[in-house]
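Let me begin by presenting the structure, written as structure tokens, before commenting on it.
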There are 2 protein chains.
Amino acid sequence: MANQLCPLDQVFSALSDPTRRAIVMRLCAGEASVGELADPFDMALPSFMKHIHVLETSGLVQSEKSGRVRTCRLSPDALLGAEDWFQRQRAIWEARLDRFEAYVMKLKKEKERAAAKRPSRTTKKKGYE
Amino acid sequence: MANQLCPLDQVFSALSDPTRRAIVMRLCAGEASVGELADPFDMALPSFMKHIHVLETSGLVQSEKSGRVRTCRLSPDALLGAEDWFQRQRAIWEARLDRFEAYVMKLKKEKERAAAKRPSRTTKKKGYE
DNA sequence: ACTATAGTTAGCTTCATGGCTAACCAATTA
DNA sequence: TAATTGGTTAGCCATGAAGCTAACTATAGT
């Protein structure tokens with residue numbers, strides 16, 4: 001229970017389709033009507049509209065109809081939210097790498113100190129630059 | 001033809017599932033065995049293994065088996081590639097916003113100059129801070 | 001050698017996704 | 001008012017994704 005409430009599910013799912021990613025990329029450059037958006041694609045309009053709808057329910061795109069033409073624009077919050085997820089993961093990942101590097105440095109230091117004590121033992125194989 | 005060659009398809013698709021996102025988050029903190037990864041989830045192992053497999057074919061995760069335990073680790077390139085996509089889109093989006101802002105500023109300037117010529121006309125309703 | 005552990009393979013169900021056609025509104029334009 | 005344009009609704013189909021159980025393999029521990 002309590003599923004599908006996470007917007008990331010829908011955002012990533014929406015972006016997993018190349019057609020929809022192309023639509024988003026197009027909309028980054030500015031708003032457009034459904035017809036303009038659909039034009040480059042060799043696809044029946046109803047199929048294309050499904051993609052638009054997926055993008056709308058994911059929160060990536062908003063649209064409004066005026067007269068008989070529906071204009072779509074990007075709604076950047078969803079995009080930013082997804083980008084943010086990556087940044088958070090990267091932060092965790094990099095923090096871990098830093099700790100690891102610190103650990104390696106500590107080992108290296110210890111080895112050097114040991115080597116200084118009883119000189120000229122296996123101090124070869126530097127590695128790790 | 002020539003489809004499914006884009007790694008972004010697979011990466012975003014993989015990340016659209018909360019279970020898989022949780023796995024990735026867990027692996028950001030360090031490598032783990034399949035069993036350790038599966039533990040928090042109330043799911044049959046074969047189902048869970050499918051998720052692992054999806055993550056591997058997407059390039060987000062690598063694993064190797066030693067003895068009877070398979071150890072999984074993050075392979076960050078795929079993650080970075082996806083993050084990069086967002087950054088590129090945001091760059092486009094922001095460039096457009098800048099242009100728009102410049103345009104608005106230009107309009108404002110022109111209006112001010114016009115107002116300076118024939119003073120005290122409708123110079124109210126500033127808006128846009 | 002036996003048992004338990006850690007994954008794996010095979011095969012099944014159910015439901016979502018992505019595509020289509022055909023028919024249908026509702027604004028414009030002629 | 002008639003025809004065109006732009007989008008929408010309804011319904012169909014094929015494929016793939018996500019879950020399960022049951023049975024199996026191979027290593028590690030006793």
Side-chain angles (χ1 to χ4, degrees), chain A residues 1-27 31-73, chain B residues 1-24 26-27 30-73:
Chain A
M1 342 150 170
N3 221 0
Q4 211 58 2
L5 287 170
C6 176
L8 282 181
D9 287 22
Q10 296 179 53
V11 168
F12 284 135
S13 177
L15 293 177
S16 71
D17 183 279
T19 300
R20 289 193 292 259
R21 246 176 7 252
I23 295 174
V24 167
M25 293 170 77
R26 169 59 239 277
L27 289 181
E31 61 180 42
S33 73
V34 169
E36 287 166 356
L37 289 174
D39 196 50
F41 298 95
D42 185 17
M43 187 182 293
L45 241 206
S47 315
F48 187 80
M49 284 296 296
K50 278 194 191 175
H51 288 298
I52 298 284
H53 190 241
V54 168
L55 287 170
E56 278 195 287
T57 60
S58 78
L60 283 163
V61 163
Q62 284 180 338
S63 76
E64 66 185 330
K65 196 165 180 179
S66 134
R68 65 183 165 177
V69 42
R70 174 172 297 278
T71 303
C72 304
R73 62 179 55 74
Chain B
M1 351 153 163
N3 222 359
Q4 212 59 3
L5 288 170
C6 175
L8 282 182
D9 286 23
Q10 296 179 54
V11 169
F12 284 135
S13 179
L15 293 178
S16 71
D17 183 280
T19 300
R20 289 193 292 259
R21 241 170 18 244
I23 295 173
V24 167
R26 169 59 238 277
L27 290 180
E31 62 182 41
S33 73
V34 169
E36 288 167 355
L37 289 174
D39 195 51
F41 297 96
D42 185 19
M43 187 182 292
L45 241 205
S47 315
F48 187 81
M49 284 296 296
K50 277 197 193 172
H51 288 298
I52 298 283
H53 189 242
V54 169
L55 287 169
E56 277 195 287
T57 59
S58 78
L60 283 163
V61 164
Q62 284 180 340
S63 75
E64 66 186 330
K65 195 166 181 176
S66 136
R68 65 184 166 176
V69 41
R70 174 173 297 277
T71 302
C72 306
R73 61 179 55 75

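Please read these numbers as outputs of a predicted model, since none were measured by experiment. Keep in mind that the numbers below use all heavy atoms, side chains included, and drop hydrogens, waters and symmetry copies. Proteins get letters first, then strands, A, B, ... in listed order; numbering begins at 1 in each.
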In this structure, CD1 of A:Ile52 is separated from SG of A:Cys72 (nearest 0.5 Å) by 4.5 Å
Between CZ of B:Phe12 and C1' of C:dT17 the distance, given in whole Å, is 19 Å
Between CD1 of A:Ile52 and P of D:dT9 the distance, given in whole Å, is 14 Å
Residues pairing under side chain to side chain donor-acceptor pair (under 3.5 Å) where one sits in residues 40-55 of chain A, two or more places apart or in two chains, turn out to be A:Arg20-A:His51
query: Can you tell me if the side-chain N/O atoms of A:His53 get under 4.0 Å from OP1 or OP2 in D:dT8?
result: no
- Under 4.0 Å between a side-chain N or O of A:His51 and OP1 or OP2 of C:dG19? yes
Separation of C:dT17 atom P from B:Asp17 atom CG, nearest Å, is 12 Å
Atom CG of B:Asp9 and atom C1' of D:dA17 are separated, to the nearest Å, by 15 Å
Output for pair (B:Thr71 OG1, B:Glu36 CD), nearest 0.5 Å, gives 8.0 Å
Per salt bridge (charged side-chain N to carboxylate O under 4.0 Å, His left out), A:Glu31 is matched among A:Arg73, A:Arg26, A:Arg70 by A:Arg73
The correct set of residues in residues 59-73 of chain B placing a heavy atom under 4.0 Å from DNA chain C is B:Lys65, B:Arg68, B:Val69, B:Arg70
Whole-Å distance, B:Met49 CE to D:dA18 P, equals 15 Å
From CD of B:Glu36 across to P of C:dT5 the rounded distance in Å is 16 Å
Item to check | Min side-chain heavy-atom separation B:Leu60-B:Ile23 under 4.5 Å | outcome: no
Report task. May I ask you to check whether over 12 heavy atoms, not counting those of A:Gln62, lie within 6.0 Å of atom CD? Result -> no
Check: Between A:Phe12 and B:Phe12, how do the two ring planes meet: parallel, tilted or perpendicular, split at 30° and 60°?
Finding: parallel
Scanning both residues in full, the closest heavy-atom pair of B:Ala32 with B:Leu27 reads N-CD2, 3.9 Å
Review point. Using a cut-off of 4.0 Å on non-hydrogen atoms, how would the nucleic acid contact of B:Ser13 be classed: base, sugar-phosphate, or nothing?
Key: nothing
dist A:Ser13:OG -> B:Leu15:CG (nearest 0.5 Å) comes out at 11.5 Å
Could you pull out the protein-nucleic contacts involving nucleotides 20-25 of chain D (nitrogen or oxygen on both sides, under 3.5 Å)?
residue	atom	partner	partner atom	Å
D:dC20	OP2	B:Ala44	N	3.0
D:dC20	OP2	B:Ser47	OG	2.6

